[in-house]
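Position 1 is the first residue of the sequence, and the numbers go up from there. Hydrogens, waters and symmetry mates are skipped; everything else that's a heavy atom, side chains included, is used. As the structure is a computational prediction, the values presented were derived from the model and not from experiment.
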Amino acid sequence: VDGDRHAGWVACVWGTHGEEIVGEAGWNVVDEAQGSAELGLSVLDHWRGSGVANRLMGALMTGARSSGLRHIYGDVLDANARMLAFMRRHGLEEGWDDPPEPGIVRVSCKLR
């Protein structure tokens with residue numbers, strides 16, 4: 001991760017075997033000329049609803065803006081209503097780009 005073309009964050013807790021990763025988020029520049037990056041976000045099942053995803057997404061979006069990115073997007077399964085609602089709460093909307101395949105929704109937003 002260089003913070004220019006790729007950045008990432010992890011959420012950790014102390015567990016019985018030491019530090020454990022419970023979530024991760026990041027972005028990767030896919031079109032440097034357009035300032036566009038694809039995002040990824042994942043949280044362990046038993047940590048969902050705990051606020052970990054919100055903290056990671058906040059760090060991801062702040063980092064993307066600080067790096068000068070102008071557009072960010074991600075792909076979500078169309079059946080994952082909870083994740084689609086989460087993305088909307090963070091300013092990403094459907095319909096900016098065509099989905100890459102059936103059953104997928106592409107969400108994105110312009111960064112200010």
Side-chain angles (χ1 to χ4, degrees):
V1 244
D2 61 15
D4 290 322
R5 294 198 46 79
H6 179 80
W9 295 263
V10 294
C12 301
V13 297
W14 287 104
T16 55
H17 302 290
E19 193 172 27
E20 299 174 5
I21 295 174
V22 297
E24 60 184 348
W27 51 259
N28 187 50
V29 172
V30 293
D31 186 335
E32 195 167 347
Q34 297 294 317
S36 184
E38 182 174 13
L39 69 85
L41 176 71
S42 177
V43 175
L44 291 178
D45 286 346
H46 61 279
W47 282 90
R48 291 187 180 155
S50 69
V52 169
N54 279 316
R55 299 277 305 265
L56 287 168
M57 191 66 163
L60 183 151
M61 297 296 275
T62 298
R65 286 183 181 97
S66 295
S67 292
L69 292 175
R70 295 186 301 274
H71 175 254
I72 197 159
Y73 73 90
D75 295 335
V76 180
L77 292 173
D78 63 1
N80 194 343
R82 186 174 177 181
M83 180 58 84
L84 289 169
F86 173 85
M87 290 294 178
R88 280 191 294 277
R89 284 193 308 274
H90 287 276
L92 287 91
E93 295 289 335
E94 300 174 37
W96 288 62
D97 298 313
D98 291 330
E101 60 187 75
I104 301 292
V105 174
R106 180 154 289 170
V107 294
S108 64
C109 72
K110 290 184 180 180
L111 299 171
R112 296 170 185 85

Membership question, hydrophobic clusters at under 4.5 Å side-chain separation (ILVMFWY): are [Y] and [X] in the same one?
{"X": "Trp9", "Y": "Trp47", "answer": "yes"}
{"X": "Phe86", "Y": "Leu111", "answer": "yes"}
{"X": "Met83", "Y": "Leu39", "answer": "yes"}
{"X": "Met57", "Y": "Val10", "answer": "no"}

Heavy-atom closest contact ([X] atom, [Y] atom, distance):
{"X": "Val52", "Y": "Ser50", "result": "CG2-OG, 3.2 Å"}
{"X": "Gly91", "Y": "Cys109", "result": "O-CB, 3.0 Å"}
{"X": "Ala11", "Y": "Leu56", "result": "N-CD2, 4.0 Å"}

- Check for a donor-acceptor pair, side chain of His6 on one end and backbone N or O of Trp27 on the other, with a separation under 3.5 Å.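 Yes; at least one donor-acceptor contact below 3.5 Å.
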- Does atom CZ of Arg48 have more than 12 heavy-atom neighbours from other groups under 6.0 Å away?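 Correct, the count exceeds 12.
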- Item | Leu84: which of Val107, Leu77, Leu92 passes side-chain contact (heavy atoms from CB on, under 4.5 Å) |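 So, applying the side-chain contact (heavy atoms from CB on, under 4.5 Å) to Leu84 and each of Val107, Leu77, Leu92, only Val107 qualifies.
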- Among residues two or more places apart or on two chains, list those pairs meeting salt bridge (charged side-chain N to carboxylate O under 4.0 Å, His left out) that have a residue in residues 62-88.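 For residues 62-88: Asp75-Arg106, Arg88-Glu94.
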Show me the side-chain donor-acceptor pairs of residues 14-24 shorter than 3.5 Å, one per line, residues at least two apart or across chains.
none

- Message: Any heavy-atom pair between the side chains of Leu60 and Leu41 that's under 4.5 Å?
- Response: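 They are not in contact (no side-chain heavy atoms under 4.5 Å apart), so the answer is no.
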- Taking it one step at a time, do His90 and Ile72 satisfy side chain to side chain contact (heavy atoms under 4.5 Å, CB included)? CA-CA 11 Å; His90 287 276; Ile72 197 159; over 6 Å; no
- Query: Rounded to the nearest 0.5 Å, how far apart are CD of Gln34 and CG of Leu69?
  - Reply: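 Interatomic distance, Gln34 CD to Leu69 CG, rounded to 0.5 Å: 12.0 Å.
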